[in-house]
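A quick write-up on the structure given underneath.
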Amino acid sequence: AGAQDLAGRHVVVSAGGTREPIDPVRFIGNRSSGRQGVALAAAAAARGARVTLVAANVEDAVLEGLGAGRAGAADVSVVPVGSTAQLADAVHTAAATADVVVMAAAVADFRPEATPDAKIKKVPGRPPEPIRLVENPDILAGLARERRRAGQVVVGFAAETGDAAAGVLEHGRDKARRKGADLLVVNAVGAGQGFGTASNEVTVLDGAGEVVARAAGSKRVVADAVWDTVVKVSS
Ligand code: C5P
């Protein structure tokens, strides 16, 4: 085993992508596979943490990635969730005893205002009703600004599209300041990067938006770089 620098700590990782119901059979979702969150959970367990993985719609095949990092008695409990409301509940419950919370899940920004009990029907000759959206609460900002326990480290992820590295970072910097998290892991998505892919390239910003680390490689390599940074800021 490597360094047990998270021994005795409870860490919460959210992973995957939330799905907001439109009706009982349809949803608005996103392309997050949950691989980066699973890699974070596996890496934390290998470093000795007790891990709660709040997994939003993560396929079983992806959750198998927990196996690779499970060094002996390592400890990951998986809480499966679907919608943003469910994810918020599960994260809030686990965060109440956590030393570190990492929000790696892609959380839907909006949800349908109403969710009818019956499937929406197509009426011949009539145009579809628009789906009205309302904004979801920002779980990360709430954790960082309202719910934080003394000493708790709160980490966000920001998937930014665009290839101009400067623009991506600038966006990340604004987001870091706005959300109030201790660390924001910025990664570029699209064009073979990020969502659904095996590797990742990230820049870690502190709460002021300053660059504190960079990492590139497999999602496990990125995960360990994130934990290195967490250990550094919390020691
Ligand atoms: O603003 P944006 O969605 O890009 O921020 C991404 C970060 O915020 C991620 O850590 C994500 O888990 C978190 N988030 C959240 N609640 C939302 C939207 C995003 O916690 N409603």
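Every value quoted in this text rests on a predicted model; they were computed, and no experiment measured them. Order of listing sets the numbers, starting from 1, for every ligand and every atom in it. Residues: numbered from 1 along the sequence shown.
Counting only N and O atoms by type, the side chains of T84 and E20 include a donor and acceptor under 3.5 Å apart. If you check the side chains of Q36 and N187, you find no donor sitting under 3.5 Å from an acceptor.
Contacts between D109 and ligand 1, counted as non-hydrogen atom pairs separated by less than 4.0 Å, involve the side chain only. Looking at P137 against ligand 1, only its backbone comes within 4.0 Å, counting heavy atoms.
Rounded to the nearest 0.5 angstrom, K179 NZ and D174 CG are separated by 12.0 Å. In this structure, L184 CG and T203 OG1 are separated by 10.0 Å, a value rounded to the nearest 0.5 Å.
An N or O contact shorter than 3.5 Å is missing between A106 and ligand 1 by distance. Considering both main-chain and side-chain atoms, M103 comes within under 3.5 Å of ligand 1 through a nitrogen or oxygen pair.
For D182 and R148, the salt-bridge test passes: some basic side-chain N is under 4.0 Å from an acidic carboxylate O.
Taking each of T18, I139, N136 in turn, the one with a heavy atom nearest to atom 16 (N) of ligand 1 proves to be I139. Which of A104, A105, A159, A144 comes nearest to atom 11 (C) of ligand 1 through a heavy atom is settled by distance: it is A105.
Listed by atom number, the atoms of ligand 1 under 4.0 Å from G156 heavy atoms are 10 (O). Near L140, meaning under 4.0 Å from one of its heavy atoms, ligand 1 places the atoms 7 (C), 8 (O), 10 (O), 13 (C), 15 (C), 20 (O).
With hydrogens and angles disregarded, a donor-acceptor distance shorter than 3.5 Å links the side chain of S14 to the backbone of A105.
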